[in-house]
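Bear in mind that the values here come from a model prediction, so they are computed numbers and not experimental data. All chains are named by letter (A, B, ...) in the order of the sequence lines, taking the proteins before the strands, and each is independently numbered beginning at 1.
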Amino acid sequence: MTTWHDYIQSGKPVPEWPYPVNYDKENEIECDVLIIGGGVAGCHAAISAARYGARVVVADRGNAKRSGAGGAGVDHWHGAVTNPCSRVTPLDYTLACYKSMRGFTSGIARYIICKERWDTLLEMEEMGVQIRDIHDEFKGAPFRDDRTKLMFAYDYVNRHVIRVWGYNMKPALYAEMKKLGIGIFNRIMITSLLTEGGKQGAKVVGATGLNTRTGEFYIFKSKATIISTGGIGRLGSFAPELTATGSMSDLNNAGNGHAIAWRAGAELVLMEQSGPARLSGFGYAPYSMGNAHNTYHGVSIVDTEGKEVPWVDAFDHPIKTIEERFSVAPGQPFQLGAGIGIGHYLPEYRSPELIHDLPERIRKGEFKLPLYADLTRLPEYERRCIWGMMVGNEGKTRIPIYDRFSKAGFDPDQDLLQAPVMSPENYYHPNFWGGPMMTHLRSLGGGGMLVDWDLRTSLEGLYAAGGSPLFGSGCHGESHTTGRYAGRQAAIYARTVSDPSVSRKQVEAEKARVYAPVRNPVDGIGWKELNYAIAKVMQDYCGRYKNEMTLNLGLRLLRELRDNEAASAYAANPHELGRMLECYALLDVGELVLHASLARKASNSILDFHRLDFPTMDPPEWEKLLPIRLEDDKVKVRELPLDFHLKPPFKADYEENYREHCRLTK
Amino acid sequence: MPEKIYMLPNPPTPNKGMKFNPEICTGCNACVEVCPDDVMMPNPEKKKPPIVLYPEECWFCGGCIEECPRPGAISMMHPASQNISVNWLRKKTGEYFRLNQKNPPAPNLRPPSG
């Protein structure tokens with residue numbers, strides 16, 4: 001007996017909700033630093049703030065021990081450019097990202113990350129995460145430095161991406177938080193930010209939350225607040241019944257952090273940026289299929305007759321040996337590696353890949369489907385490192401892939417792992433397990449809260465950290481690092497602030513909003529039907545191609561949903577209420593994305609942004625950021641140069657800005 | 001077959017997410033506590049395995065299994081559409097295998113690195 005259906009059919013009555021439900025009951029918590037979202041960024045922020053003497057509270061939607069996109073582990077730590085083996089400088093790495101994105105990424109976040117990512121990893125080592133080959137399992141392998149026992153991925157020459165045994169990242173962070181006496185509030189969904197006088201755009205003085213088991217209400221009063229929440233996957237690609245909830249993000253990724261910041265009046269940028277989406281998990285569990293990307297970088301791909309698919313270097317020149325898949329091309333400075341939160345790479349920073357005309361060659365019959373990942377063609381150290389070290393530590397691979405496949409008899413020493421069988425065009429990218437391209441789906445990426453060199457948002461007292469809420473940030477290690485930095489800044493700022501006072505009027509209005517779905521008549525629609533409707537609006541009216549009319553129609557329909565279906569929607573218990581409030585957050589973020597898309601009256605190739613009414617691609621006068629915010633509930637947009645981070649009030653030099661703001665006491 | 005035939009909604013998809021072995025599980029609810037999405041609920045009967053209430057919200061992270069103090073009490077139940085997709089070919093023998101097949105090959109006992 002496992003499921004609810006099993007239970008009922010054993011003759012037992014429908015079970016009552018297992019937790020005591022107390023809607024409306026208030027709990028008040030005071031702290032110096034409130035962290036919203038206990039993923040890797042939030043937990044690292046909490047630890048950092050506590051080490052700087054702050055009384056810290058973490059509110060997490062799930063349970064901070066395992067929650068978040070990084071909650072299930074990580075296998076490589078990008079851009080540790082200050083590690084003793086690295087041949088890349090923080091400035092080189094920052095500029096490689098910045099130039100690749102033609103300026104449409106955050107120079108601030110990138111530089112901070114470069115300066116501190118290696119130190120952040122060393123902290124994880126102190127907390128018990130293995131980052132070196134201490135058992136000498138890979139002694140003599142070309143990716144290993146025998147002195148430090150560090151192991152590198154992608155670019156074995158420049159050595160800044162470190163392979164780590166990171167399946168226990170979250171439990172390690174959690175144990176450290178417990179040790180430091182940090183207040184951890186699990187199952188608390190933050191529903192709004194509280195501002196001074198309840199005014200939009202004013203200083204942030206706390207937040208309200210809902211316990212999604214008991215339905216109780218939480219009022220957090222904080223001197224400083226950090227938003228370190230997850231992504232917004234549910235906005236457009238919502239299909240939990242089909243996808244086993246996507247690939248690298250769970251259902252809690254409803255853009256809640258973006259929504260509360262937006263409603264409080266914080267500025268966001270690049271919310272109009274999106275990329276092609278696959279309904280990842282649509283039949284393929286992440287990392288479960290033959291492919292040659294990311295964790296599987298460098299694996300030989302063969303066709304059904306054993307014919308090997310050739311590789312090309314960064315400049316599209318054919319390469320012959322396996323070693324060259326992990327090396328730089330002649331004239332190439334260094335490689336950035338895949339999965340760092342930028343959607344575009346200049347050729348000189350790319351990694352080798354499978355030939356780019358593979359779809360065409362499959363169509364012509366040169367390669368016959370199905371394709372397979374043939375790990376047996378790799379040297380033993382490479383095979384064991386990819387299958388056993390990386391698969392086994394990367395998110396959602398230890399139990400779902402390594403353990404399950406091994407029990408089922410899969411043996412990388414003698415078996416070929418089949419790639420998905422798809423239409424040829426879908427083999428254009430070596431991450432085959434993502435499945436076929438879904439042209440009606442878009443995935444947001446790169447946008448988030450605008451911050452200064454303190455990682456402070458446009459609102460006093462509010463900071464941002466992590467791959468999603470912070471504009472221009474990306475991967476797992478980056479999230480730890482911006483969390484660590486923002487935690488430090490928030491703790492030091494909190495020392496200068498008097499006790500916060502919250503507006504009772506604001507609290508009352510929020511309570512009315514939060515509990516409406518449990519007070520509505522039971523025949524209102526449920527959260528899933530509402531979520532599907534929101535996703536449909538975004539798919540239809542804010543796809544890759546849009547114009548003024550479709551965007552305005554999208555806004556109208558979201559407003560319709562808000563006033564009608566959402567206003568009368570029903571939640572049967574605190575769990576459904578949490579999911580429903582996430583749908584309300586999706587309505588906010590959907591509107592934000594539509595407004596941001598309306599503001600950019602030009603097509604942009606880097607942002608994969610296509611305005612049918614402004615088809616000229618990349619006009620120079622639109623090479624700028626368009627910070628967007630709410631003021632008295634009206635949308636306000638201003639212009640900001642792409643290199644604002646090197647213009648007054650900031651210094652013209654990355655290192656000078658960092659030194660002035662980093663506040664490292666060491 | 002149950003004694004009575006009930007009026008029930010269709011089974012959810014995926015059906016389970018995970019399965020409990022009642023011989024091993026002691027109903028400690030460590031998995032319930034740690035699940036990021038609250039997929040499982042404690043069983044109204046003490047010391048009995050949790051009830052999977054929201055399998056479609058499971059993102060298959062495996063945290064419940066890693067947290068479980070009694071190995072073997074929980075197995076991950078990926079949907080059949082994913083089990084049928086994972087195929088491998090044994091190079092020497094030409095045999096095809098898949099996840100969850102009826103007569104699986106011998107398990108590979110090598111633990112992960114580290």
* Where do B:Glu33 and A:Lys65 land on the salt bridge (charged side-chain N to carboxylate O under 4.0 Å, His left out) test, with the steps shown first? -> CA-CA 10 Å; B:Glu33 270 321 300; A:Lys65 191 171 181 187; over 6 Å; no

- Query: side chain to side chain contact (heavy atoms under 4.5 Å, CB included) between B:Thr93 and A:Gln414: does it pass, once the steps are laid out?
  - Reply: CA-CA 10 Å; B:Thr93 62; A:Gln414 55 170 335; over 6 Å; no

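Atoms OG and CH2, from B:Ser113 and A:Trp387 in turn, are 14.0 Å apart once rounded to the nearest 0.5 Å. In this structure, A:Leu242 CG and B:Glu56 CD are separated by 11.5 Å, a value rounded to the nearest 0.5 Å. Expressed to the nearest 0.5 Å, how far CD1 of B:Ile65 lies from CG of A:Asp403 amounts to 7.0 Å. Between atom CG of residue A:Leu416 and atom OH of residue B:Tyr96 there is a gap of 8.5 Å, rounded to the nearest 0.5 Å. For the atom pair B:Asn15 CG and A:Asp6 CG, the distance stands at 9.0 Å (nearest 0.5 Å). Within the model, atoms SG of B:Cys64 and CZ of A:Arg66 stand 9.5 Å from one another, a figure rounded to the nearest 0.5 Å.
Residues B:Arg90 and A:Asp411 are not paired through a salt bridge, judged by the lack of any N-O separation under 4.0 Å between the basic side chain and the carboxylate.
Between A:Pro400 and B:Met76, the closest side-chain pair of non-hydrogen atoms falls below 4.5 Å. A 4.5 Å side-chain heavy-atom check between A:Tyr7 and B:Pro44 finds at least one atom pair inside the cut-off.
For B:Pro9, the side-chain contact (heavy atoms from CB on, under 4.5 Å) criterion is met by A:Trp4, A:His5, not counting sequence neighbours. Under the ring pair (Phe, Tyr, Trp, His ring centres under 6.0 Å) criterion, A:Tyr532 pairs with A:Phe238, not counting sequence neighbours.
When all heavy atoms of A:Pro240 and B:Pro14 are compared, the pair lying nearest together is O-CD, 4.4 Å.
Relative orientation of the A:Phe410 and B:Trp88 rings is perpendicular, given thresholds of 30° and 60° on the angle between their planes.
Tested against B:Asp38 for a side-chain hydrogen bond (donor to acceptor under 3.5 Å, both in side chains), the candidates A:His575, A:Arg213, A:Arg579 yield a single pass: A:Arg213.
A 6.0 Å sphere centred on NZ of A:Lys149 holds more than 12 heavy atoms belonging to other residues, nucleotides or ligands.
With a threshold of 4.5 angstrom between heavy atoms, B:Lys19 approaches chain A through its backbone and through its side chain. Of the atoms belonging to B:Glu67, heavy atoms from both backbone and side chain fall under 4.5 Å from chain A.
Chain A forms the most heavy-atom pairs under 4.5 Å with one residue out of B:Lys92, B:Met41, B:Glu66, B:Met40, and that residue is B:Glu66. Ranked by non-hydrogen atom pairs under 4.5 Å with chain A, the options B:Ile84, B:Asn100, B:Val32 are led by B:Val32. By number of non-hydrogen pairs under 4.5 angstrom with chain A, the leading residue of B:Pro104, B:Pro11, B:Ser75 is B:Pro11. Comparing A:His135, A:Arg398, A:Gln130 by how many heavy-atom pairs each has under 4.5 Å with chain B, the most go to A:Arg398.
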